[in-house]
Amino acid sequence: MNPSFLKATLAIIHKDLAAEFRSRELLTAMLSFSVLVILIFNFALDLNPDVRQTVTAGVLWTTFAFAGTLGLNRSMAVEKDRGCMDGLLLAPVDRSAIFFGKAISNLAFMLIVEAIVLPLYAFFYNETRIFQWEFIAVLLLGSIGYIAVGTLLSAMTIQTRTREILLPILLFPVVVPVLIASVLASGAIINDMTLPQIMSPLNLLIVYDVIFIAVSFMFFDFIVEE
Amino acid sequence: MQQKPTLLTILDVLSIIVIGYATYSALFIAPTELVMGEVQRVFYFHVGTGWVALLGFIIASIAGILYLINKKMIWDRFGFAAVEVSCMFFIITIILGSVWARPAWNTWWTWDVRLTTAAITELIFIAYFMLRAGIEDPEKRARFGAIYTILGGLSAPITFMVIRLFRSIHPVVVGNPSAEAQGGFDMSVDMRNTLFIALIAFTILFIDFIWHRVRLGALQEKVEELKLEKIS
Amino acid sequence: MISVTKLTKRFGLKTILRNLDFQVARGEFVALLGPNGAGKTTFLRILSSLSKPSYGTVKVAGHSLPNESAKVRAKLGVVSHLPLLYPDLTAEENLQFYARMYGLTHYASRITDVLQLIGLEPRRKDLVRTFSRGMQQRLSIGRAILHQPEIILFDEPYTGLDQDASSMLDDLLRSIASHGRTVVMTSHDLIRAESLATRFDVLSRGMITASINKNDLRQNNVLDFYKQALES
């Protein structure tokens, strides 16, 4: 009997998390990279208290966007290198279950990194305004859009000759709306701006998420076929 | 296919004539704009090239969708041609815009909505070319290229809207002239005519280029095929 | 069990398989022989639904590909020269994962059975990254037979194995094939193929050029048959 969509998705997530919590390769790489980026920003932008207020959202999102590509690449390379992607495709499950499984695992890794980096950032810069639920909500919505497109594109770039280096080049120009909208919305939240100033980028972020989850869902089949 | 179609030759000649006339019209028929002076004449070609660049971008996405539906290689050649031609026109648009912006805005570049979106679109094109270069199998290259143009086509409008949340200083000329935009102006009849001539001229040139590029793609494939026959 | 008619597979302009016909009855063990680049792997990928045929009809276990690929995949076990295993999971966890992907319920006892059959029961809690190439290949076979498929496809299962591992694999393959399963195996190794298979097919230049049953083989000499098939 073929497994249900949900069961297959859960199996993939379970497998990814189990393997990652054992090796911790992906999370360690993403985390140390994130801390390094924040460290570099500290000196590049001279993050004194006046400047910090306006650039916090930008610094955090740049960090997550770059660290995210490390995770996306690694997560897909694990499937490709030992032919495991073939193993997944050979299972009698819907291909989009594979996409959702991988995307949710990637999202989990991203959120774990964010959950560790945010307190670190708050610790380094004495910036506690990032712990508002609105800020967290924007972070979640932004991560969802980023990961949806990122997972789709990483499945594509892993099949090309240039592999890992191609992912950020393909991903960033299409994911620009997510990054800008997230920076705008979370920046507005930190700086106590009015509701419309928060809502207009947030609406676009939601629109982007809905469109690109749907599109990724439709296109994944085209990417893994041969 | 080997013989160049007569209609294409006619289109070549027609393109040269209309572009020539559009140039003449922009330089000599249209009146000099009062505030900005002669440099404003660049505007007609700026809008003309910008229009076909956008057109090419949209066509590439549509060709991408059509390719995914019926997997005919003609749509891949069409999409690739549209991206290449659009990429070139986008660069020309940006350069012409800078030429105008230097005296009008006192800067070559600003992070305005249209400029930024155009720049990001160029980056999407570069990514598209790199993606294609990394794939050997023509069928897979076509499939991935199609998907990427569709993703680009969907994200670009959202990019535009997101950047618009920052205030724009780009002048809106046709439609509602915004008071905040610097360098906006009212158009006289001659200006309007010149603009439409430029739009038509570039559209014809655009069709001509696309046709040539699609034909070139088909010929390239033919050459590959012959090479392969020679080897085996 | 497998019925392929007029199968053609093209990658772009390169034709890998041309007008290939191939039939396998239930319980047959077919060794697919042929030089490198003959299209053996591509052919197995098509049979396993990983690759789509360009033309022709492919029926596996009574279902046609690619339209009913999910039904085919449920009845199919595939072993390739890549292990298809996760190095950071234990042998048991790998099998558990695949059991869930195939929708097996109450798979604990089935996994123990399989681990015993492939001789890895003592190592069930060890990470796959600590396994030798031969052990990984055995586990890979365990993964392929976990859901008790009717048809098993082996793509060069002996690649990279030493003498001991190979002979262990021989026994394993023999016991798998003896349960009335249908097996198709590609191999360079004529001696190994000879001892296992009931039928030998030669795939060369994208076509099946010769086919013979083991009983019809003169003095059981598969090497002569293979040489003749390639020369003709």
Side-chain angles (χ1 to χ4, degrees), chain A residues 1-29 74-102 105 109 155 158-159 220-226, chain C residues 9 11 16 41-42 44-54 61 63 66 68-90 92-105 107 127-129 136 139-140 143-144 146-147 149 153 155:
Chain A
M1 207 194 80
N2 294 355
S4 68
F5 189 93
L6 185 66
K7 275 187 180 154
T9 310
L10 289 176
I12 292 171
I13 300 168
H14 179 254
K15 177 268 297 178
D16 271 345
L17 295 183
E20 180 54 31
F21 288 135
R22 189 160 291 137
S23 73
R24 295 195 200 93
E25 283 172 357
L26 191 150
L27 284 174
T28 317
R74 179 70 196 153
S75 164
M76 208 45 87
V78 166
E79 303 295 345
K80 192 70 186 174
D81 288 344
R82 284 157 177 259
C84 294
M85 189 47 117
D86 282 350
L88 298 181
L89 295 175
L90 281 168
V93 300
D94 201 296
R95 263 84 203 263
S96 38
I98 301 172
F99 171 76
F100 271 110
K102 288 309 287 182
S105 306
F109 297 143
I158 203 77
Q159 298 181 50
F220 189 70
D221 221 4
F222 286 114
I223 286 178
V224 293
E225 78 178 32
E226 189 177 288
Chain C
K9 177 66 183 179
F11 281 114
I16 311 292
T41 298
T42 306
L44 280 202
R45 285 181 75 83
I46 289 175
L47 289 183
S48 61
S49 84
L50 286 174
S51 187
K52 286 180 179 166
S54 305
H63 304 290
E68 299 175 295
S69 59
K71 283 179 186 159
V72 172
R73 293 201 293 266
K75 296 179 180 175
L76 205 67
V78 180
V79 178
S80 81
H81 43 271
L82 288 167
L84 279 67
L85 298 167
Y86 295 95
D88 290 318
L89 296 180
T90 64
E92 189 179 15
E93 285 167 338
N94 265 291
L95 293 185
Q96 280 168 349
F97 169 61
Y98 280 106
R100 296 173 72 185
M101 289 299 281
Y102 280 88
L104 303 187
T105 46
Y107 43 74
L127 291 187
V128 167
R129 69 161 70 253
Q136 289 198 14
L139 186 57
S140 182
R143 175 192 56 71
L146 191 62
H147 56 293
L153 307 175
D155 188 12

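All chains are named by letter (A, B, ...) in the order of the sequence lines, taking the proteins before the strands, and each is independently numbered beginning at 1.
Judged purely by atom type and a 3.5 angstrom limit, Arg73(C) uses its side chain to pair as donor or acceptor with the backbone of Val93(A).
Heavy atoms closer than 4.5 Å to chain A are found nowhere in Lys75(C), neither backbone nor side chain. The parts of Thr90(C) that come within reach of chain A are both its backbone and its side chain, each placing non-hydrogen atoms under 4.5 angstrom from that chain. In this structure, the portions of Leu50(C) lying under 4.5 Å from any heavy atom of chain A include both its backbone and its side chain. Residue contact with chain A, scored on non-hydrogen atoms closer than 4.5 Å, involves the side chain of Gln136(C) exclusively. Residue Arg143(C): no heavy atom, backbone or side chain, is found under 4.5 Å from chain A.
When each of Leu82(C), Leu76(C), Leu84(C) is scored by its heavy-atom pairs under 4.5 Å with chain A, the top score falls to Leu84(C). Chain C forms the most heavy-atom pairs under 4.5 Å with one residue out of Met85(A), Glu20(A), Arg95(A), and that residue is Arg95(A). Ranked by heavy-atom pairs shorter than 4.5 Å toward chain C, the options Ile12(A), Val224(A), Asp81(A) are led by Ile12(A).
Across all their heavy atoms, Asp88(C) and Glu25(A) have their closest contact at OD2-OE1, 4.5 Å. In plain terms, the two heavy atoms of Pro92(A) and Ala70(C) that are nearest each other are CB-O, 3.5 Å. In plain terms, the two heavy atoms of Leu88(A) and Tyr86(C) that are nearest each other are CD2-OH, 3.7 Å.
In this structure, the separation between CZ on Arg22(A) and CG on Leu89(C) is 6.0 Å, given to the nearest 0.5 Å. Rounding to the nearest 0.5 Å gives a distance of 10.5 Å between OG of Ser51(C) and CG of Asp86(A). To the nearest 0.5 Å, atom CG of residue Leu127(C) and atom OG of residue Ser23(A) are 9.5 Å apart.
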Worked check of side-chain contact (heavy atoms from CB on, under 4.5 Å) between Met101(C) and Lys15(A): CA-CA 11 Å; Met101(C) 289 299 281; Lys15(A) 177 268 297 178; over 6 Å; no
Verdict with supporting geometry, Asp16(A) and Phe97(C), side-chain contact (heavy atoms from CB on, under 4.5 Å): CA-CA 10 Å; Asp16(A) 271 345; Phe97(C) 169 61; over 6 Å; no
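Sparse packing is recorded around NE2 of His14(A), with 12 or fewer heavy atoms of other residues, nucleotides or ligands lying under 6.0 Å away.
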